[in-house]
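Letters go in sequence order (proteins before strands), and every chain restarts at 1.
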Amino acid sequence: MLQQTTVAAVIPYFQKFMARWPTVQALAAAPIDEVLTAWAGLGYYARARNLHRCAKAVTEAHRGIFPATEVALMELPGIGPYTAAAIAAIAFGQRATVVDGNVERVMARFHNVAVPLPTAKPELRRLAHGLTPPTRAGDYAQAVMDLGATICTPKSPACARCPLRSHCQALTAGTAQELPRRAAKKRVPTRRGTAFWIVRSDGAVLLRRRPPRGLLGGMIEVPSSEWRAEPIADPFVEAPISIRRWSAVRGRVEHTFTHFHLVLEVAMASVSDKAASRLKGADILWVRPRDFHRHALPNVMKKVVDLAGSVGRR
DNA sequence: GAAACGTGGCC
DNA sequence: TGGCCAAGTTT
């Protein structure tokens, strides 16, 4: 959960997961849809799929016991170099070098490394390895991560009250504020589409399960036209049902993903039960808005729901 | 190596 | 207000 995500954002999700699935076996036995529903809103949904696969692997291939070496941990889904080292050091008390964004920043400053990320990663890892103590490497790693989160922050680091200030080379050089350097970022493009809010006579709305991998993989969506850089003249040809009368919802949904901005128009329509009954398939759902919380709607789709739901209220 | 992959908080 | 960045991993 903590991969690329702040502690504050994770805490309520962590509490919910631990209460609902207290053991790795319980998580392994859960349907993926339930795991994704519990993860909805946290983002990077491949993590939820990987966590679930990992629980299955530990349960089925490791007799419910996590492997105790970094190399073996790395074999598990969703566990990369950082997580493997964190588990080895924190859970198993081994001398493993834990390198996350905090550690990279602290190392770049402590040793005044001017080489930009990600080029500097191997060097920062070597430096981190050199400082890792033979005992209590897990406590040490968490201390450095907490230092990075509270004192050695990305902007305006609190060097005056840093316990490492007497040995920090960037502080001596006056470069702490500007380190670590990073390669220039690319501009994010904008994509556009039209979401189709299709209501059945009983008030249920058409939802759809996205393909199991890729963007929002396995999550539930309000069906929409394809999201394109160049919008098409008639998006309604991509609606899941051919409908004569669409009504445009005033306003738009804007959302920023990691690598593109999304602008969504919303169109509404009612369909007969007969027409609705023709839409079938494992990926099709008809759900009343009051039951949306039982499904894995990512935040971008919650924005669509909010906009569509505003019709009639004003 | 580079790109894909969510969302929210901060300044 | 828009860019930056977060306890990274996978393809």
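Identified under the ring pair (Phe, Tyr, Trp, His ring centres under 6.0 Å) test for residues 50-86 of chain A, with sequence neighbours left out: none.
Across the P atoms, B:dA4 and C:dA7 are found 24 Å apart, a figure rounded to whole Å. For the C1' atoms, the distance from C:dA6 to B:dG1 is 23 Å, rounded to whole Å. Here, C:dT11 and B:dT7 have their C1' atoms 22 Å apart, quoted to the whole Å.
Ion pairing between a basic and an acidic side chain is recognised when a charged N comes within 4.0 Å of a carboxylate O; A:R209 and A:D33 show such pairing.
Once you apply a 4.0 Å limit to the heavy atoms of chain A, the touched nucleotides of DNA chain B run 5' to 3' over B:dA3 to B:dG8.
A:L147 has its CG atom 14 Å from the C1' atom of C:dA7, to the nearest Å. Between the CD1 atom of A:I87 and the C1' atom of C:dA7 there is a distance of 12 Å, rounded to whole Å. We find that CZ of A:R181 is positioned 13 Å from P of C:dC5, with the value rounded to whole Å.
Contact annotation for A:R105: backbone-only contact, meaning every heavy-atom pair under 4.0 Å involves sugar-phosphate atoms and none involves a base. Counting any heavy atom pair closer than 4.0 Å across all strands shown, A:L42 reaches a base atom. When heavy atoms are screened at a 4.0 angstrom cut-off, A:T83 is found touching the sugar-phosphate backbone but no base atom.
Interface residues of residues 112-127 of chain A facing DNA chain B, ordered by number: none; criterion, heavy-atom separation under 4.0 Å. Remark: nothing in residues 95-103 of chain A comes within less than 4.0 Å of DNA chain B through any heavy atom. Using a 4.0 Å cutoff on non-hydrogen atoms, the parts of residues 1-27 of chain A near DNA chain B are A:Q4, A:T5, ordered by number.
Counting only distance, with no hydrogens or angles, the side chain of A:D291 and the backbone of A:V287 share no donor-acceptor pair below 3.5 Å.
Comparing A:K186 and A:Y45, the nucleotide of DNA chain B nearest to each residue sits closer to the 5' end for A:K186.
The phosphate of C:dA6 has OP1 or OP2 within less than 4.0 Å of a side-chain N or O from A:R182.
Under the rule for a side chain to side chain donor-acceptor pair (under 3.5 Å), A:E70 has no partner lying at least two apart in sequence or in another chain.
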